[in-house]
Amino acid sequence: ALCFACKKLRADREITLTAVKKKGLTLKYASKDLLNDREIVSAAVQQDGDAIQYASNSLKNDKQIVLLAVESNGNSLQFLSSKFTNDRQV
């Protein structure tokens with residue numbers, strides 16, 4: 001599991017991508033750089049929308065990522081930026 005991996009492995013893009021595809025919430029243990037990686041965050045939120053809480057602020061404000069998260073798990077609304085509060089598409 002990514003939570004037990006050393007920093008070097010947590011920063012490995014392929015290992016992290018594989019991990020978040022299996023369990024989106026493992027995004028929590030990814031390196032900071034990977035929290036801003038669109039493909040990794042997309043995979044994580046598609047697996048579990050709640051993973052958006054660990055994404056970079058930039059991706060938390062990305063409507064495409066937000067929509068993936070909400071489609072995966074409606075409860076992820078609690079982790080969204082306030083800018084999406086009145087957005088009917090979300």
Side-chain angles (χ1 to χ4, degrees):
L2 200 59
C3 63
F4 299 113
C6 66
K7 287 183 180 183
K8 182 178 178 181
L9 293 179
R10 290 179 187 197
D12 184 287
R13 190 175 186 283
E14 292 307 312
I15 290 172
T16 301
L17 183 58
T18 300
V20 300
K21 283 182 177 179
K22 292 181 180 179
K23 185 169 180 167
L25 290 176
T26 59
L27 184 64
K28 174 181 182 176
Y29 303 105
S31 70
K32 286 191 177 195
D33 288 342
L34 295 179
L35 298 179
N36 198 42
D37 184 300
R38 176 177 290 282
E39 184 181 6
I40 289 175
V41 172
S42 291
V45 300
Q46 284 177 313
Q47 201 287 319
D48 187 331
D50 285 354
I52 198 165
Q53 67 186 299
Y54 303 115
S56 68
N57 286 333
S58 170
L59 292 178
K60 282 182 187 175
N61 285 297
D62 182 295
K63 190 168 184 174
Q64 200 172 23
I65 298 289
V66 166
L67 290 173
L68 289 173
V70 173
E71 286 173 16
S72 169
N73 183 346
N75 289 330
S76 65
L77 287 169
Q78 64 185 316
F79 302 115
L80 301 184
S81 165
S82 59
K83 90 177 207 180
F84 295 108
T85 304
N86 294 316
D87 189 326
R88 292 190 182 271
Q89 286 185 319
V90 175

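The shortest heavy-atom contact between G24 and D48 is CA-CB, 4.3 Å. Taking each heavy atom of G49 and N73 in turn, the nearest pair found is N-CB, 3.8 Å. When all heavy atoms are compared, the tightest approach of D50 to L25 is C-CD2, 3.8 Å. Nearest heavy-atom pair across I65 and V41 is CG2-CG1, 3.9 Å. Between Q46 and S72, the closest heavy-atom pair is O-OG, 3.2 Å.
Annotation for Q64: atom CD does not count as buried by contact number, only 12 or fewer foreign heavy atoms lying within 6.0 Å. More than 12 non-hydrogen atoms from other residues, nucleotides or ligands lie less than 6.0 angstrom from CZ of F84.
A side-chain donor-acceptor contact under 3.5 Å links T18 to the backbone of E14. For T26 (side chain) and L2 (main-chain N/O), no donor-acceptor pair under 3.5 Å exists by modelled atom type. Of the possible donor and acceptor atoms, none in the side chain of Q47 sits under 3.5 Å from a partner among the backbone N and O of A44.
A continuous path of hydrophobic side-chain contacts links V90 to L59 [ILVMFWY only; heavy atoms under 4.5 Å]. Taken together through direct or relayed side-chain contacts under 4.5 Å among Ile, Leu, Val, Met, Phe, Trp and Tyr, F79 and V45 form part of one hydrophobic cluster. Under the 4.5 Å side-chain heavy-atom criterion for ILVMFWY residues, no single connected hydrophobic cluster contains both Y29 and I40.
Of the candidates L9, D37, L34, L35, T16 forms a side-chain contact (heavy atoms from CB on, under 4.5 Å) with just one, namely L34.
Applying the salt bridge (Lys or Arg N to Asp or Glu O under 4.0 Å) test to residues at least two apart or on different chains, the pairs with a partner in residues 52-71 are R38-D62, K63-D87. Residue pairs that meet the salt bridge (Lys or Arg N to Asp or Glu O under 4.0 Å) test with at least one member in residues 20-35, sequence neighbours left out, do not exist here.
If you check the side chains of N61 and S81, you find a donor sitting under 3.5 Å from an acceptor.
Shown here are the salt bridge (Lys or Arg N to Asp or Glu O under 4.0 Å) partners of D12, two or more places apart in sequence or in another chain: there are none.
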